[in-house]
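Here's the structure we're looking at; comments come further down.
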Amino acid sequence: MMANNNYNYQAHTASLSNIPDRNFLWSVFQKVDRDGSGSINATELQAALSNDWQACFKSFDRDHSGSIDRQELQTALIGFGYRINPTTVDMMVKKFDRLGVGTIAFDDFIQCCVVLHTLTSAFRQHDTDQDGIITIHYEQFLQMVLGLKV
């Protein structure tokens with residue numbers, strides 16, 4: 001924002017262009033604040049987040065089966081920006097398929113996504129050059145994984 005110690009108005013306004021306007025934010029707040037109290041309680045927040053997750057889940061449940069199969073999970077992960085090989089996707093389905101039927105239910109899909117995001121964030125802390133490769137000692141690995149809050 002500062003160019004040669006001078007305030008750069010154009011750079012400042014350009015950086016603000018990605019911020020939603022006040023009216024939009026207020027309309028979102030009002031939709032979440034269902035009881036009109038002027039604050040959002042835990043139940044209202046949970047309902048809002050659940051609705052977002054349900055919409056996300058339904059958008060990837062292409063066959064409308066109520067669960068996510070391996071191909072649908074692969075599509076979801078690509079949509080989220082992950083490039084994970086089919087063997088790892090198969091492993092993820094097995095890990096998060098509580099019913100043992102080869103698909104992932106809604107709650108398990110949320111857990112799968114949260115775990116993947118958490119593991120990826122921990123990995124990226126060690127992947128300083130963002131090339132997808134890290135070199136750590138065994139105890140560093142254990143500390144990294146055991147220190148995660150999943």
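The structure displayed is predicted, hence computed values, not measured ones.
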Problem set entry | Cluster check V114, I104: I/L/V/M/F/W/Y, side chain < 4.5 angstrom | yes

For this session: Calculate, to the nearest 0.5 Å, the distance between atoms CG and CZ belonging to D107 and F57 respectively.
Result: 9.0 Å

Exercise. Taking E72 for the side chain and R62 for the main chain, is one N or O donor matched with an acceptor at less than 3.5 Å?
Worked result: yes

Exercise. Which heavy-atom pair separates S65 from D63 by the least distance, and what is that distance?
Worked result: OG-OD1, 3.0 Å

Seminar exercise, completed: Members sharing I134's hydrophobic cluster, built from side-chain contacts under 4.5 Å between Ile, Leu, Val, Met, Phe, Trp and Tyr, are F123, I136, Y138, F141, L142, M144, V145, L146

Problem set entry | CA sep, side-chain torsions, deciding dist, call: D90, T87, side-chain hydrogen bond (donor to acceptor under 3.5 Å, both in side chains) | CA-CA 5 Å; D90 287 340; T87 303; 5.5 Å; no

For this session: To the nearest 0.5 angstrom, please state how far the CD1 atom of I68 sits from the OG1 atom of T75.
Result: 9.0 Å

For this session: Using a cut-off of 6.0 Å, state whether more than 12 heavy atoms not belonging to E139 lie near its atom CD.
Result: no

Seminar exercise, completed: Value for CD1 (I78) from CZ (R83), rounded to nearest 0.5 Å, stands at 6.0 Å

Exercise. What distance separates L119 CG from R124 CZ, expressed to the nearest 0.5 Å?
Worked result: 12.0 Å

Problem set entry | Side chains of D108 and D97 in contact at under 4.5 Å (non-hydrogen atoms) | no

Exercise. In Å, rounded to the nearest 0.5 Å, how long is the span from CZ of R70 to OG1 of T103?
Worked result: 13.5 Å

Exercise. Are V101 and V93 joined in one hydrophobic group, where the rule is that I, L, V, M, F, W and Y side chains link up if heavy atoms are under 4.5 Å apart?
Worked result: no

Problem set entry | Heavy-atom side-chain proximity of L116 to M92 below 4.5 angstrom | yes

Exercise. Side-chain contact, heavy-atom cut-off 4.5 Å: V115 with F96?
Worked result: yes

Problem set entry | Beyond-backbone contact of C113 with H117, side-chain heavy atoms, under 4.5 angstrom | no

For this session: Working to the nearest 0.5 Å, report the span between CZ of R34 and OG1 of T43.
Result: 11.5 Å

For this session: Would you indicate whether the side-chain heavy atoms of F109 and C56 approach each other to under 4.5 Å?
Result: yes

For this session: Treat each ILVMFWY residue as a node, draw an edge where side-chain heavy atoms are under 4.5 Å apart, and state whether M91 and Y82 are in one component.
Result: no

For this session: Search all heavy atoms of D61 against all heavy atoms of G66 and return the closest pair with its distance.
Result: OD2-N, 2.7 Å

